[in-house]
Structures are given as C-alpha cells and as structure tokens.
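Step one of this worksheet: look at the structure below.
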Amino acid sequence: MVNKILLIGPPGSGKGTQGIRLSELLGLEHVAIGDLLRAEISSGSELGETIKAKVAAGELVDDDLILGLIETRVEEAAEKGYILDGFPRSVDQAKKGRKLAEPVGARPELVIYFDVPDDIVVERLTARAEIEGREDDNEQTIRHRLALFHETTKPLLEFYEKQGKARTIDATAPVDEVTEKILELMRG
Ligand code: AMP
C-alpha cells in the first residue's frame, strides 16, 4: 500500500477531516500546513505575527516560510509515510518541495484531488464559521480563497496527472464513503 499521500482540494473540501481519519487508521504522519500556521499564530511569536495578516486575508504565506516548515519534517515523513494537507498550494511550491523530498525519498506516491463545486464549498465554510470561528471563514475571504484555489492550486491537478499520480474523488459524498474511496486508491 502506498504511504506518501498528498491531499489537494479547495478549502472546505474535507481534506482536514480525511487527513485525521486516515492517519489514525494507518498510523501515518499527518501534516496540515494550515494547522501548523494557526499554532504559530496562537503562540504569539514574531513569526506568527508575520503570517497572521496573510492567513486572515486568505492570501498565501511566503513560500520560504512554508518550505521551512516542510524541511524540518521531510526525513521523518520519508521514513514513516505521510498524509500531507495544504502543501503544495501552487506548482511553484511543488517544484520547490520536490527538491527537498527527492534526496530523502519523500516524494508523494499518490495525490488525491477533492472535487467539490464552489457553491457547496461556500455553504460548508459558512457553516464551519459558526462552529469553529476561524477568522478566514467569512464570505468575502472564502470567495477570495476559492478564487486563489482555482488560479494557483488547481493547476496542480494537471501537474500530478502528467506524473500519473493524481486521482480525483467526489468529495461531496458522505465522510465514510470518501475515506473508503481513498483507502481503495491507496491499495491500488
Ligand atoms: P487551510 O487550513 O489549509 O485552509 O489553510 C489556511 C491558510 O493557511 C490558507 O488560506 C493560507 O493563508 C495558509 N496556507 C496554508 N497552506 C499554505 C501553503 N502551502 N502556502 C501558503 N499559505 C498556506
């Protein structure tokens, strides 16, 4: 079974939920870049201050900073296998990530693309805002994050399709079904 997995999809497509479930089921490292950034922000560090405004506005944080977060985890991830949610978010980031991953054998084996129509994303995130109170889950920022996703992140689908690694799933299906589908794809 493959054990180096990228989860790619628009905000609110369920990557976070599936990442947690799969890592618990399979004992893989679960790395969610957004969670790492939010932890840094709540720590009140200087670095947190720098990224706070970008995350709140739904903008991408600088590549160097993100690559720094990836770099410290890449060897362990190569060894244990990983579920990575939130990286890469652009083809540029993917190319930079490849330079870190290749030497230690950490390149992804399978890329799951979570397909969800925009109107469902907006609906889900608006509901999540009431439960989790994330600062970036307001309608204006949601729309901006979605536009950024289409422009910058979605081209990764073609990038990984060309490498024969990408599989698209219907992420509007019930949570259990999505998990089952991903497990099926991992088994190959
Ligand atoms: P998420 O929890 O994945 O929705 O990420 C929340 C926010 O963190 C995003 O809207 C970005 O501001 C930032 N972020 C997460 N991953 C990345 C990344 N790979 N590159 C740049 N910014 C990121």
Side-chain angles (χ1 to χ4, degrees), residues 4-23 29-45 47-74 77 82-101 106-108 111-116 118 120-157 159-160 166 171 178 182:
K4 298 183 188 73
I5 321 285
L6 297 185
L7 307 182
I8 292 184
S13 56
K15 305 184 301 292
T17 306
Q18 294 299 333
I20 292 167
R21 287 181 141 221
L22 292 162
S23 59
E29 285 280 293
H30 175 228
V31 181
I33 303 298
D35 290 348
L36 297 178
L37 296 175
R38 283 184 288 276
E40 195 64 49
I41 295 169
S42 351
S43 79
S45 69
L47 185 61
E49 279 304 308
T50 329
I51 54 190
K52 190 175 174 174
K54 292 249 165 146
V55 172
E59 296 291 350
L60 291 187
V61 172
D62 291 352
D63 285 0
D64 287 351
L65 201 151
I66 302 290
L67 267 296
L69 292 175
I70 298 286
E71 193 169 15
T72 57
R73 287 171 175 79
V74 73
Y82 62 83
I83 309 265
L84 181 51
D85 160 12
F87 182 89
R89 255 178 155 96
S90 67
V91 172
D92 253 12
Q93 284 189 358
K95 289 179 179 165
K96 290 176 184 169
R98 180 160 67 192
K99 289 200 183 120
L100 290 179
R107 293 204 61 202
V111 179
I112 308 285
Y113 181 82
F114 285 57
D115 191 27
V116 187
D118 284 3
I120 295 186
V121 164
V122 176
E123 224 171 77
R124 281 189 183 178
L125 291 182
T126 314
R128 183 170 83 181
E130 290 186 12
I131 302 164
E132 295 181 17
R134 264 177 61 165
E135 204 179 346
D136 55 348
D137 281 346
N138 60 75
E139 187 165 350
Q140 193 190 349
T141 310
I142 292 168
R143 298 224 174 259
H144 182 65
R145 284 155 67 207
L146 254 177
L148 196 63
F149 170 78
H150 284 292
E151 196 181 302
T152 310
T153 309
K154 203 172 172 185
L156 283 168
L157 178 58
F159 180 80
Y160 286 116
V178 174
I182 296 173

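We count ligands from 1, going down the list as the structure has it; atoms in each ligand are counted the same way.
Residue-ligand proximity, G86 to ligand 1, at heavy-atom distances under 4.0 Å covers atoms 16 (N), 17 (C), 18 (C), 19 (N). If you number the atoms of ligand 1 from 1 as listed, the ones under 4.0 Å from a heavy atom of G34 come out as 2 (O), 5 (O). Contact atoms of ligand 1 toward L37: 8 (O), 13 (C), 14 (N), 15 (C), 23 (C) (distance under 4.0 Å to a heavy atom of the residue).
S42 contributes a side-chain N or O that, together with a main-chain N or O of R38, makes up a donor-acceptor pair within less than 3.5 Å.
Heavy-atom minimum distance, P108 versus Y160: CG-CE2, 4.4 Å. Between A106 and V74 the shortest heavy-atom distance is CB-CG2, 3.7 Å.
Heavy-atom contacts from other residues, nucleotides or ligands closer than 6.0 Å to CD of E130 number 12 or fewer.
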Worksheet item: What's the verdict on salt bridge (charged side-chain N to carboxylate O under 4.0 Å, His left out) for D136 and K54, showing C-alpha distance, side-chain angles and the deciding distance?
Response: CA-CA 10 Å; D136 55 348; K54 292 249 165 146; over 6 Å; no
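A 4.5 Å side-chain heavy-atom check between L84 and I33 finds at least one atom pair inside the cut-off.
In the model, S45 has a side-chain atom that pairs as donor or acceptor with a side-chain atom of E40 under 3.5 Å.
Of the protein's non-hydrogen atoms, V55 CG1, 4.0 Å is the one closest to atom 7 (C) of ligand 1. Atom 10 (O) of ligand 1 has its closest protein heavy atom at R145 NE, 4.0 Å.
Around atom 3 (O) of ligand 1, the closest heavy atom drawn from K15, R89, Q93 belongs to R89.
The shortest separation from a heavy atom of R134 to ligand 1 is under 4.0 Å, placing the residue in contact. Within the 4.0 Å heavy-atom shell around ligand 1 one finds R38.
The shortest N or O to N or O distance between V61 and ligand 1 is under 3.5 Å.
Residue-level proximity to ligand 1 for E59 is carried by the backbone, the only part with a heavy atom below 4.0 angstrom.
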